[in-house]
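Here is the structure we will look at.
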Protein chains: 2
Amino acid sequence: MPEFTDSVWTRPARPRTGQPTLSREQIVRAAIELLDAEGAAGLSMRRLGARLGSGATSLYWHVANKDDLLELAVDQVMGEIYVPEPGDTPWRVGVSVMADGMRAMLLRHTWVIGLLGVRPTIGPNVMRMGDRSVALLSAAGFTGPVLSHVHSLITAHVIGAATTEAAVAAAVHRSGQSAAEIRERLEPFLEETAGDYPEYARWRQESGVTEMDPEQVWDQSFAFGLERILDGLELWRVNHIGDTSAAQSGG
Amino acid sequence: MPEFTDSVWTRPARPRTGQPTLSREQIVRAAIELLDAEGAAGLSMRRLGARLGSGATSLYWHVANKDDLLELAVDQVMGEIYVPEPGDTPWRVGVSVMADGMRAMLLRHTWVIGLLGVRPTIGPNVMRMGDRSVALLSAAGFTGPVLSHVHSLITAHVIGAATTEAAVAAAVHRSGQSAAEIRERLEPFLEETAGDYPEYARWRQESGVTEMDPEQVWDQSFAFGLERILDGLELWRVNHIGDTSAAQSGG
DNA sequence: AAGTGACTCGCACAGTGTTCGAGTCCACTG
DNA sequence: CAGTGGACTCGAACACTGTGCGAGTCACTT
């Protein structure tokens with residue numbers, strides 16, 4: 001029975017002495033490249049070994065198993081997220097920068113999304129990100145459990161938005177068609193079922209959403225949501241902290 | 001090359017004449033049971049066939065492939081979400097009921113979470129849910145692209161929150177330990193690295209979060225986020241619609 | 001009685017993650 | 001310098017996966 005406390009991060013790394021041809025960092029990097037290029041289904045230990053010019057089973061010396069490798073890969077790309085220092089900017093800007101950066105990362109590495117619900121990551125990069133987030137939100141005046149709630153709220157928005165966006169993007173990519181082609185092809189199907197979903201059909205027609213650039217819609221949707229969240233948080237701040245000075249400078 | 005428009009939903013169902021021992025509904029139901037009991041990794045066509053007392057390849061008569069089966073399963077459980085009629089309650093309550101229901105569903109069927117980012121679902125239950133959401137949000141005064149943004153915002157919060165919660169729950173379940181045991185075992189590891197993450201360590205100590213019931217914290221975190229989102233939306237409503245009468249009754 | 005189409009299913013194939021044990025090479029000790 | 005131990009590589013093998021194919025069974029129509 002595996003234990004939660006027995007993960008890549010709590011186990012000591014194997015000591016390195018010789019000059020081996022393979023290294024853990026190299027393997028993780030190659031895995032990320034493969035995942036970016038071909039998605040989660042494209043990564044197999046044999047293919048990864050081949051890409052590195054070594055046998056598939058050699059990898060198991062450096063990595064306990066595939067799950068561990070994926071966990072390492074997730075933590076690695078988490079390190080790409082930039083969390084601003086508190087005090088540099090108003091807290092809303094700081095949080096927005098973090099959220100935008102996280103969203104961009106998830107859309108660069110869409111395979112991460114499917115892994116986030118499987119197992120929590122406590123790797124160094126994630127920890128470092130958490131540490132900096134605490135600094136940012138502390139400076140904004142959030143403390144105690146609420147600080148954690150705020151952090152969860154922001155990350156949940158990013159993850160949720162990226163999830164649906166990635167799903168559509170994956171389908172578009174798989175189909176090999178442009179978004180416009182797909183819309184055109186899907187149209188008759190939607191027309192046909194319009195009678196079953198009258199409210200939706202009405203909105204679809206009168207909203208003009210069919211004429212818009214999908215990519216822009218995603219961006220707008222994400223930005224709109226983030227602004228509403230920040231508005232809501234600001235309101236809470238005013239009511240529960242009453243001190244707006246922290247909005248400008250840290251501490 | 002598969003096409004986006006060639007999915008389970010756009011293809012006509014096979015006509016049924018005889019009295020077969022297997023049915024699509026039965027297969028989907030059994031698949032959901034298996035997924036609930038053992039997670040995504042526990043579902044294989046062979047095991048599913050065995051559970052239904054039939055050969056594994058027999059399933060392929062009723063279902064094109066495993067991906068299609070999963071899509072059917074996702075849509076099925078999406079049907080468990082209750083979206084209130086507009087007019088029954090203030091819009092905030094209506095939205096909260098939908099969000100709570102969706103969260104509960106995702107936590108009942110955590111395997112769904114890992115599939116949401118893989119491929120968009122346009123099954124009947126999802127469509128029906130969309131239709132009713134449009135009705136709810138229209139009655140609240142949201143129109144055009146903003147209505148879609150609001151819907152995305154709510155669902156993103158639910159999905160994002162459920163994602164991290166499910167990840168932890170899965171790890172706890174796998175470990176076979178209680179949350180308290182895990183915390184106790186993880187403690188030395190966190191102590192050890194506390195020096196590297198000073199802000200986090202400070203917050204952890206002074207927030208008292210270690211003494212709380214994890215399940216309650218999840219609930220509180222989700223509710224806190226939802227309230228902030230609804231506050232932010234309310235603010236937007238007041239500024240951009242200026243009509244608060246729609247808050248009480250539909251239309 | 002023959003035929004047709006719905007449906008079931010065993011076999012086979014290519015591919016997966018992972019274990020095991022044999023093999024290679026280097027750094028160090030005696 | 002011989003030898004030993006450990007770091008590291010890797011081929012073979014095992015149990016498993018999704019799925020195509022073709023043969024088989026049955027109910028019903030003509």
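Letters A, B, ... are given to chains in the order of the sequence lines, protein chains preceding strands, and every chain is numbered from 1.
B:His62 and B:Ser58 make their closest contact through CD2-O, 3.7 Å (heavy atoms, listed as atom of the first residue, atom of the second, distance). Of all heavy-atom pairs spanning B:Phe222 and B:Ala161, the tightest one is CD1-CB, 3.8 Å. Here the closest heavy-atom approach between residue B:Asp196 and residue A:Asp131 is recorded as O-OD2, 4.5 Å.
Between the P atom of C:dG17 and the CG atom of A:Leu34 lies a distance of 11 Å, rounded to the nearest Å. In this structure, B:Leu48 places its CG atom 14 Å from C1' of D:dT19, rounding to the nearest Å. When rounded to the nearest whole Å, the span between CZ of B:Arg24 and C1' of C:dC7 equals 15 Å. Distance CG (B:Asp68) to P (D:dG18): 14 Å, rounded to an integer number of Å. Rounded to whole angstrom, the span from the CG atom of B:Leu52 across to the P atom of C:dT8 amounts to 10 Å. Note: NZ (B:Lys66) to C1' (C:dG15) measures 14 Å, nearest angstrom. For the pair A:Gln26 CD and D:dC8 P, the computed distance is 13 Å after rounding to whole Å. Computed from coordinates, the B:Met45 CE to C:dG10 C1' distance equals 16 Å when rounded to whole Å.
In this structure, of D:dT19, C:dT19, C:dC7, it is D:dT19 that holds the atom nearest to the side chain of B:Tyr60. Across D:dA13, C:dT8, C:dC9, the shortest atom-to-atom separation from the side chain of A:Arg46 is found for D:dA13. With distances taken from any side-chain atom of A:Ser54 to the nucleotides C:dT8, C:dT19, D:dC10, the minimum falls on D:dC10.
Contact annotation: A:Trp61 reaches the phosphate of D:dC8 (side-chain N/O to OP1 or OP2, under 4.0 Å). An OP1 or OP2 oxygen of C:dT16 is reached within less than 4.0 angstrom by a side-chain nitrogen or oxygen of A:Ser44. Phosphate proximity of C:dA6 to B:His62: absent, as no side-chain N or O sits under 4.0 Å from OP1 or OP2.
In summary, A:Arg204 and A:Glu191 do not engage in a salt bridge, as defined by a charged side-chain N under 4.0 Å from a carboxylate O.
Between its opening and closing five pairs, the helix from C:dA1-D:dT30 to C:dG30-D:dC1 changes axis direction by 20°, a value rounded to 10 degrees.
A residue-by-residue look at A:Leu59 and B:Asn65 shows that A:Leu59 has its nearest nucleotide of DNA chain D further toward the 5' end. Between A:Arg47 and A:Thr57, it is A:Arg47 whose nearest contact on DNA chain C lies nearer the 5' terminus.
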Intermediate values then yes/no, side-chain contact (heavy atoms from CB on, under 4.5 Å), B:Thr121 and B:Met78: CA-CA 10 Å; B:Thr121 312; B:Met78 284 289 191; 5.6 Å; no

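Here the side chain of B:Asn125 pairs no donor or acceptor atom with the backbone of B:Val77 at under 3.5 angstrom.
As judged by a 4.0 angstrom heavy-atom cut-off over every strand, A:Leu43 is placed among residues touching the sugar-phosphate backbone only.
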Which pairs of donor and acceptor atoms, one on a side chain in residues 30-40 of chain B, lie under 3.5 Å apart (sequence neighbours left out)?
{"residue": "B:Glu33", "atom": "OE1", "partner": "B:Arg51", "partner atom": "NH1", "Å": "2.8"}
{"residue": "B:Asp36", "atom": "OD1", "partner": "B:His109", "partner atom": "ND1", "Å": "2.6"}
{"residue": "B:Asp36", "atom": "OD1", "partner": "B:Trp111", "partner atom": "NE1", "Å": "2.7"}
{"residue": "B:Asp36", "atom": "OD2", "partner": "B:His109", "partner atom": "ND1", "Å": "3.0"}
{"residue": "B:Glu38", "atom": "OE1", "partner": "B:Arg47", "partner atom": "NH1", "Å": "3.4"}
{"residue": "B:Glu38", "atom": "OE1", "partner": "B:Arg47", "partner atom": "NH2", "Å": "3.3"}
{"residue": "B:Glu38", "atom": "OE2", "partner": "B:Arg47", "partner atom": "NH2", "Å": "2.6"}

